[in-house]
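Reading through the structure tokens given below for one structure.
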Amino acid sequence: MDLLKSDIKPMYLRYLAAASGSAVVASVFGVVDAMMVGQYHGPAGNAALAVFNPIWSIVFCLGLLAGIGGSVLFASSRGRGDEQSAQEYFTLSVLWGVLLSAVAVAGIGLYQEQLFRFFGADDELLALAKRYLKPILFAIPCCVFSNILSAALRNDGNPGLATKAVIAGGIFNMIGDYYLVFVRDMGISGAGLATALAQFVTIGIMLLHFVGRKNTLRIVRPTCCLRKMGAIAVNGFSTAISDLALGIIGILFNRQIMRYLGTDALAVYGIITQVTAFVQCMAYGIGQAAQPIISQNYGAGNFGRIRQCLKYALYTSAAFGVFWTLAMLLMPTPLVYLFMTPTPQVLSIAPGILRAYGSSFVLLPFNIFATYYFQAMMKPQLSLAASVARSIVVSGAMILLLPLIAGADSLWYAMLITEILVAAFGGYYTVKITKSI
């Protein structure tokens with residue numbers, strides 16, 4: 001498909017299917033692990049994964065930083081007909097991936113105990129989290145590059161291969177989880193090993209693009225490296241911090257929950273982190289489907305096509321938000337049994353917690369998409385402001401202050417208040433930017 005000439009609706013739907021499929025299956029890594037570990041270890045297993053989840057957020061944040069930042073600038077350069085600059089941005093996004101992977105492996109490997117303690121672990125949860133990390137540590141570069149390569153493949157007209165790669169990795173992970181956790185009786189260690197191996201499968205399939213006829217990507221000698229790497233970081237940061245938000249929010253929630261509510265509530269929050277990651281990944285799919293279309297048409301000055309794509313993305317965001325909110329409101333108890341063998345204490349508190357937190361999902365997809373839209377329209381400052389407000393400023397203030405003001409149970413409404421405030425900001429500037437073109 002030609003991003004500058006093909007009909008917007010079928011092209012957007014094709015990219016949405018590919019991006020959402022990749023995002024959904026990518027989230028299966030964490031969801032399946034949580035289900036298997038929760039059934040094997042009980043609530044303690046889910047609580048341990050809640051302690052570990054900020055690690056995932058850090059790692060995938062690094063991949064998005066390089067992948068989305070490079071992707072936006074690649075597409076915009078190609079839309080202007082500047083192929084050399086496009087290839088330089090691809091090259092530098094790969095270099096960013098190598099550097100960030102090395103930093104992540106070294107930092108997490110050397111300071112894992114201190115990190116898990118900071119994330120809210122007690123002695124029992126620390127032991128489980130370290131067992132889960134041991135095999136995953138060696139797959140961290142694959143986690144980083146899965147975001148870089150999937151973004152590159154979408155911009156190079158091969159989104160289907162990225163989807164197939166992630167689906168294959170997800171299937172491998174599901175089969176491996178069951179075999180290693182239960183058949184081999186490895187528990188949480190087996191879940192970590194299955195996830196690590198699945199990441200290698202995903203990357204191996206994505207790399208097939210570079211030996212195929214569709215490939216137009218190549219490594220070139222870049223010019224003005226520091227300036228262009230800085231531009232990649234600036235453009236990618238707002239999306240990356242949206243993923244990092246899960247980690248930041250997770251750390252604050254973990255510490256507040258252990259302070260006010262205890263381990264049973266943390267086990268329920270372990271379920272929430274998996275469902276939230278799933279919903280957020282689907283929201284990424286909307287942004288990743290629209291971004292290459294909007295970026296290239298912005299570079300070419302085709303503003304009518306941008307408005308068409310925006311319309312479909314907003315409809316999709318609204319549909320996803322309503323669907324997941326209703327799922328949390330109507331089916332909290334089945335979700336608990338899906339993720340663990342609950343104790344009576346956990347079962348008594350879980351439905352209320354899941355309904356309160358799940359109400360925030362109605363606005364989450366739009367808020368994530370807005371950061372992609374601002375990026376694609378070359379407004380990285382607005383994208384950064386929305387992401388920082390959602391991930392750190394507003395959410396952090398709500399998590400810290402609500403228990404003091406309205407009691408411990410009000411903690412579960414922190415994200416609903418956050419999403420409402422951020423949606424007001426994002427909606428105002430989406431309308432303003434769109435009117436200006």
Side-chain angles (χ1 to χ4, degrees), residues 15 18-20 22-27 29-30 53-76 89-90 92-104 108 139-155 159 162 165-166 199 202-203 206 229-250 276-292 294-295 364-365 367-376 380 383-388 390-392:
Y15 274 72
S20 296
S22 297
V24 167
V25 179
S27 65
F29 287 112
N53 275 329
I55 297 291
W56 283 130
S57 298
I58 293 168
V59 170
F60 283 104
C61 164
L62 298 179
L64 289 170
L65 181 72
I68 298 301
S71 175
V72 168
L73 294 166
F74 174 95
S76 182
Y89 282 120
F90 167 69
L92 291 171
S93 69
V94 171
L95 178 59
W96 256 127
V98 172
L99 295 174
L100 294 173
S101 296
V103 171
I108 294 170
I140 283 176
C142 294
C143 301
V144 173
F145 270 92
S146 66
N147 283 297
I148 295 172
L149 294 182
S150 62
L153 266 57
R154 283 193 304 273
N155 279 286
V166 178
Q199 293 287 346
T202 297
I203 288 296
M206 285 186 183
M229 289 183 75
I232 290 173
V234 169
N235 277 276
F237 185 72
S238 54
T239 299
I241 203 170
S242 294
D243 203 87
L244 184 61
L246 286 178
I248 296 171
I249 293 168
T276 301
F278 195 85
V279 178
Q280 189 149 311
C281 280
M282 294 191 73
Y284 288 153
I286 300 170
Q288 290 168 4
Q291 176 267 313
I294 294 174
S295 291
L364 185 153
N367 287 338
I368 295 296
F369 165 71
T371 64
Y372 281 89
Y373 182 63
F374 297 152
Q375 283 177 321
S383 186
L384 178 61
S387 295
V388 170
R390 180 176 177 271
S391 60
I392 300 173

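Counting from 1, the numbers follow the sequence of the chain as shown.
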If I take atom [atom1] from residue [X] and atom [atom2] from residue [Y], how far apart are they, to the nearest 0.5 angstrom?
X: L92; Y: L99; atom1: CG; atom2: CG; result: 10.5 Å
X: T371; Y: Y284; atom1: OG1; atom2: OH; result: 8.0 Å
X: L153; Y: I148; atom1: CG; atom2: CD1; result: 12.5 Å
X: L364; Y: T276; atom1: CG; atom2: OG1; result: 7.5 Å
X: S146; Y: I203; atom1: OG; atom2: CD1; result: 5.5 Å
X: N147; Y: S93; atom1: CG; atom2: OG; result: 11.5 Å

Check: Are side-chain heavy atoms of M282 and I368 found at a separation under 4.5 Å?
Finding: no

Next item on the list: State whether the side chain of W96 and the backbone N or O of L65 hold a donor-acceptor pair below 3.5 Å, judged by distance alone.
Entry: no

Next item on the list: Any chance you could lay out the side chain to side chain contact (heavy atoms under 4.5 Å, CB included) test for M206 and V166, step after step, and finish with the verdict?
Entry: CA-CA 9 Å; M206 285 186 183; V166 178; 3.9 Å; yes

Notebook entry, point to check: So Q199 and V144, side chain to side chain contact (heavy atoms under 4.5 Å, CB included) or not? Walk me through it.
Noted result: CA-CA 10 Å; Q199 293 287 346; V144 173; over 6 Å; no

Next item on the list: Tell me, with the steps shown, if I108 and V59 meet side chain to side chain contact (heavy atoms under 4.5 Å, CB included).
Entry: CA-CA 10 Å; I108 294 170; V59 170; 4.1 Å; yes

Residues 68-75 side chain polar contacts: donor-acceptor under 3.5 Å, at least two apart:
from : atom 1 : to   : atom 2 : distance (Å)
S71  : OG     : N155 : ND2    : 2.1
S71  : OG     : Q291 : OE1    : 3.2

What heavy-atom pair brings [X] and [Y] nearest, and what distance separates the two atoms?
X: S383; Y: Q375; value: OG-CG, 3.5 Å
X: S101; Y: P141; value: OG-CA, 3.6 Å
X: P365; Y: I286; value: CB-CD1, 4.4 Å
X: C143; Y: W56; value: SG-CZ3, 3.7 Å
X: N235; Y: P380; value: OD1-CB, 4.1 Å
X: A66; Y: G97; value: CB-N, 4.2 Å

Next item on the list: Begin with the C-alpha distance, continue with both residues' side-chain angles, and end with the deciding distance and a verdict on side chain to side chain contact (heavy atoms under 4.5 Å, CB included) for L64 and Q288.
Entry: CA-CA 11 Å; L64 289 170; Q288 290 168 4; 4.3 Å; yes

